[in-house]
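Some notes on the structure that comes next.
Just so we're on the same page: letters track the sequence lines, and every chain starts at 1.
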Number of protein chains: 2
Amino acid sequence: MSSCQHTTILERSGLRATMQRRLVLDALHQMQTPASPYDIEHHLTKRGSTVHPVTIYRITKQFENLGILHRLGSGRLSLCKHPETEGAHGYLRCRDCGSVTEFQNEHLQRLATDIAEEHRYHSPAPLIEITGLCPSCDPS
Amino acid sequence: MSSCQHTTILERSGLRATMQRRLVLDALHQMQTPASPYDIEHHLTKRGSTVHPVTIYRITKQFENLGILHRLGSGRLSLCKHPETEGAHGYLRCRDCGSVTEFQNEHLQRLATDIAEEHRYHSPAPLIEITGLCPSCDPS
DNA sequence: ATTGCAGATGCAATACTATTGCATGAAGAG
DNA sequence: CTCTTCATGCAATAGTATTGCATCTGCAAT
Ligand SMILES: [Mn+2]
Ligand SMILES: [Mn+2]
Ligand SMILES: [Zn+2]
Ligand SMILES: [Zn+2]
């Protein structure tokens, strides 16, 4: 996903294609892993760009509402890899160290979508999150 | 679930059965809905009991690690209804208003557990959380 | 029942995270 | 280019969580 595709995402969203929004999308794309607003700021600072933390909070909230990114239970943000897909996205998260693995399971995603609909839930980006202890954090 | 059962939970956990821990369990049980640490404090204060917020933070973190309660993505805590059951527990959460509905779906819980095991995850209380927009918050 | 101690609590200080109001600045339509 | 609207930066504030340390208490041993 190139920087110009990020601009396309913004155009389609109805949001103005500002430098700050493109930088936030670039950062999330480059980091490849869920990141907090301050993680994003640090990433950008290291690369010589600056976006004010308050702006990052505002931008990410908008992106979340548009389904451009997912906010995980840890508060970290993950770029939605397939925004055109209406189906659910799956994450496995360690509640100890916070590490996150994205998974793809059609069957589970179908079931989760059904459950959401049963309860009259709707979202442009339904999110399934399974929380447990990762191998490193499992005391056994 | 009575107060004496709460004491049993504590005995089995290896934690001392202090007044504060019993009060936190009582509060979560009485509230019937996921609550933040400060929600718990306010509930207790209204009933004439006081447990210091810092203590509630410490207690709930221990309970979470023991699988006695679940910490949802909103940060709110839900008493685990079936601590003896090793299977996963499911929650549907609105990312706008934060309302939570617990659901029970054997099939989805089985699938989620399988996915967790595939990734060598383990937990005394695996948690499935589906996030979307509830009927009240759906703009459509 | 008394004692002793590891573990638990309360408090204050601190750190971290998120939100709001307002003045200034930039995107993009015309 | 001009204008309007939306977006950003900054400062202040609010909300949430953690830590160190002194004191206290559950509970096991005697
Ligand atoms: Mn998505
Ligand atoms: Mn459980
Ligand atoms: Zn871990
Ligand atoms: Zn809602």
- Message: Can you measure A/Leu10 atom CG to D/dT8 atom C1' for me and round it to whole angstrom units?
- Response: 15 Å
- Start with the C-alpha gap between A/Thr101 and A/Tyr91, add the side-chain angles, then the distance that decides, and say whether side chain to side chain donor-acceptor pair (under 3.5 Å) holds. CA-CA 6 Å; A/Thr101 310; A/Tyr91 296 90; over 6 Å; no
- Task: Nearest whole angstrom, please: distance from the C1' of C/dT9 to the CZ of B/Arg22.
- Result: 14 Å
- Has the side chain of A/His52 got a donor or acceptor atom that lies under 3.5 Å from a matching backbone atom of A/Val54? yes
- Polar side-chain contact A/Arg16-D/dC6 base: donor and acceptor under 3.5 Å: yes
- Query: Can you tell me how far the CD atom of B/Gln104 sits from the CD atom of B/Glu106, to the nearest 0.5 Å?
  - Reply: 5.5 Å
- Message: Once hydrogens and angles are ignored, does a donor-acceptor distance under 3.5 Å link the base of C/dA8 to the side chain of B/Arg21?
- Response: no
- Grab the two heavy atoms, one from A/Ala35 and one from A/Leu28, that are nearest each other, plus how far apart they are. CB-CD2, 4.4 Å
- Item | Separation of atom CG in B/Leu72 from atom P in D/dT16, rounded to whole Å | 16 Å
- Task: Mark yes or no for whether A/Thr55, through its side chain, and A/Val51, through its backbone, hold a donor-acceptor pair below 3.5 Å.
- Result: no
- Interatomic distance, CG@B/Asp26 vs CZ@B/Arg21, rounded to 0.5 Å, equals 14.0 Å
- Message: Less than 4.0 angstrom from a charged side-chain N to a carboxylate O is my criterion; do A/Asp114 and A/Arg110 meet it?
- Response: yes
- Proximity to DNA chain C (any heavy atom under 4.0 Å), residues of residues 37-45 of chain A only: none
- Check whether the side chains of B/Gln30 and B/His43 place a donor and an acceptor atom closer than 3.5 Å, and report yes or no. yes
Strictly under 3.5 Å: I want the nitrogen or oxygen pairs between protein and nucleotides 28-30 of chain D, one per line.
none

- B/Leu15 has an atom CG; how far is it from atom P of C/dA6, in whole Å? 18 Å
- Provide, to the nearest angstrom, the distance between the CE atom belonging to A/Met19 and the C1' atom belonging to C/dG28. 15 Å
- Query: For C/dG10, does either OP1 or OP2 sit under 4.0 Å from a side-chain N or O belonging to B/Gln20?
  - Reply: yes
- For atom NE2 of A/His52 and atom P of D/dG9, their distance in whole Å: 7 Å
- Ignoring backbone atoms, establish whether A/Ser36 has a side-chain N or O less than 4.0 Å from OP1 or OP2 of C/dT17. no
- Note on the structure: Contacts of B/Arg71 and B/Glu11 projected onto DNA chain D by closest heavy atom; the upstream (5') one is B/Arg71
- Flag, side chain of A/Arg76 to backbone of A/Gly98, donor-acceptor distance under 3.5 Å: yes
- Task: Write down the atom of B/His89, the atom of B/Glu102, and the distance for their closest heavy-atom approach.
- Result: ND1-OE2, 4.0 Å
- Item | Nucleic acid contacts - residues 55-63 of chain B versus DNA chain D, non-hydrogen atoms under 4.0 Å | B/Tyr57, B/Arg58, B/Lys61
- Task: Work out which heavy atom in B/Leu44 is nearest to a heavy atom in B/Leu23; give both atom names and the distance.
- Result: CD2-O, 3.7 Å
